[in-house]
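Worksheet for the structure shown next.
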Amino acid sequence: MPELPEVETTRRGIAPHLEGQRVSRVVVRERRLRWPIPEDLDVRLSGQRIVLVERRAKYLLINAEVGTLISHLGMSGNLRLVEVGMPAAKHEHVDIELESGMALRYTDPRRFGAMLWSLDPHNHELLMRLGPEPLTDLFDGERLFQLSRGKSMAVKPFIMDNAVVVGVGNIYATEALFAAGIDPRRAAGGISRGRYLKLAIEIKRVLAAAIERGGTTLRDFIGGDGQPGYFQQELFVYGRGGEACKVCGTELRNVVLGQRASVFCPKCQS
């Protein structure tokens, strides 16, 4: 599933081509996504100028003069720019055609993504209860420490909770916990303030590094420019269960936490 760096990479790739452009029409070939695409999306968006392309957690917000298109890439979706009229292949469900002659094309083989319309996106039911963005000053180790008090759940699913902080998905939670030297199985409430301060720093560092490298190419993710991400080449633990730790040489272990696979080093993480 595309995580925050992949979505941010997509935003950065498509924003320069969308912002300031006027939508000529919206072509919907398949409405049956996770939630049905609104029947009147073409009427609402066509003729409007796109003002700003933002990201909130893993949602892309394509802000028009009146209203916002909320898009989620789901498990396997992607958004990329193509020329208007370029024939659509299987699973290419939506084209947002621009007066520039380019179109924003949404592809989603599993149809688990979303394209919804809202006049007040930040108060939409999907976004209104989200925690702070991890790369802002609203998120830090003190927040993690305070919210974790009394919690017996493992620290990894704790930092993946979108009410705590958004966008720390499986890949980057695994990598940040390794960098901070914290065993992902440890109870969230048993971790000290000092270790949470370190963890927050590593979450920010790992996410920022992944964004700069275009995200992590896993299965079928590509960015908005059609190019893959390269952060996978720098992963220390994710997807490397049974291999040697790059730091100490100890065999990395696989565990399941919160129904998600996790890998850690029993020597480097405690």
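Quick caveat: nothing in here was measured; it's all calculated off a predicted structure.
- For Glu19, the CD atom is densely surrounded, since the number of other residues' heavy atoms within 6.0 Å is greater than 12.
- Looking at Leu41 and Trp117, their side chains come closer than 4.5 Å, going by heavy atoms from C-beta outward.
- Both Val28 and Leu18 are part of a single hydrophobic cluster, where members link through side-chain heavy atoms under 4.5 Å apart.
- Taking hydrophobic clusters as Ile, Leu, Val, Met, Phe, Trp and Tyr residues chained together by side-chain heavy-atom distances below 4.5 Å, Phe139 shares a cluster with Leu135.
- A salt bridge between Glu251 and Lys267 is absent, with no side-chain N of the basic residue lying under 4.0 Å from a carboxylate O of the acidic one.
- Leu73 and Leu126 are assigned to two separate hydrophobic clusters, defined by single-linkage of ILVMFWY side chains at heavy-atom distances under 4.5 Å.
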### Task
Begin from the C-alpha positions of Arg29 and Asp95 and carry the test salt bridge (Lys or Arg N to Asp or Glu O under 4.0 Å) through to its verdict.
CA-CA 8 Å; Arg29 303 180 190 89; Asp95 281 3; 2.8 Å; yes
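- One finds a salt bridge joining Arg55 and Glu133 here, because a Lys/Arg side-chain nitrogen approaches an Asp/Glu carboxylate oxygen to under 4.0 Å.
- Minimum interatomic distance between Leu69 and Ile96 (heavy atoms only, all atoms of both residues): CD2-CD1, 3.5 Å.
- With salt bridges taken as basic N to acidic carboxylate O contacts below 4.0 Å, one links Glu212 and Arg12.
- The closest side-chain heavy-atom distance from Lys156 to Phe264 is not below 4.5 Å.
- Hydrophobic clustering, with ILVMFWY side chains joined whenever heavy atoms are under 4.5 angstrom apart, groups Val53 together with Leu81.
- Taking all atoms of both residues into account, the shortest heavy-atom contact from Gly131 to Arg143 is CA-NH2, 4.4 Å.
- Under the salt bridge (charged side-chain N to carboxylate O under 4.0 Å, His left out) criterion, Glu97 pairs with Arg25, not counting sequence neighbours.
- Looking at heavy atoms from C-beta onward, Cys265 lies in side-chain contact with Cys248 at the 4.5 angstrom threshold.
- Shortest non-hydrogen contact noted between Leu257 and Pro157 is CB-CD, 4.3 Å.
- Nearest heavy atoms, Gly190 versus Arg186: O-NH2, 2.8 Å.
- Within 6.0 Å of atom CG in Asp137, 12 or fewer heavy atoms from other residues, nucleotides or ligands are found, so the atom counts as exposed in its surroundings.
- Checking Ser270 against Asp183 by side-chain atom types alone, no donor-acceptor pair falls below 3.5 Å.
- At least one side-chain heavy atom of Ile50 sits less than 4.5 Å from a side-chain heavy atom of Ile62.
- A chain of hydrophobic side-chain contacts below 4.5 Å, direct or via other Ile, Leu, Val, Met, Phe, Trp or Tyr residues, connects Leu207 to Tyr196.
- At a threshold of 4.0 Å, the pair Glu92-Arg80 counts as salt-bridged, since one of the basic side-chain nitrogens sits closer than that to a carboxylate oxygen.
- Closest non-hydrogen pair, Pro36 versus Leu116, comes out as O-CD2, 4.1 Å.
- Atom CZ of Arg149 sits in a crowded spot, with more than 12 heavy atoms from other residues, nucleotides or ligands closer than 6.0 Å.
- A 4.5 Å side-chain heavy-atom check between Arg22 and Glu65 finds at least one atom pair inside the cut-off.
- Closest non-hydrogen pair, Val165 versus Val168, comes out as CG1-CG2, 3.8 Å.
- Between Leu177 and Ile159 the shortest side-chain heavy-atom distance falls below 4.5 Å.
- We find that Glu54 and Arg11 are not joined by a salt bridge, their nearest charged nitrogen and carboxylate oxygen being 4.0 Å or further apart.
- Under 4.0 Å is where a charged nitrogen must lie from a carboxylate oxygen, and between Glu3 and Lys58 no such pair does.
- The shortest distance between side-chain heavy atoms of Cys245 and Phe178 falls below 4.5 Å.
- Taking the six-membered ring where tryptophan is involved, the planes of Tyr106 and His93 are tilted, since the angle between them lies from 30° to 60°.
- Residues Leu61 and Arg56 have side chains in contact (heavy-atom distance under 4.5 Å, counting atoms from C-beta outward).
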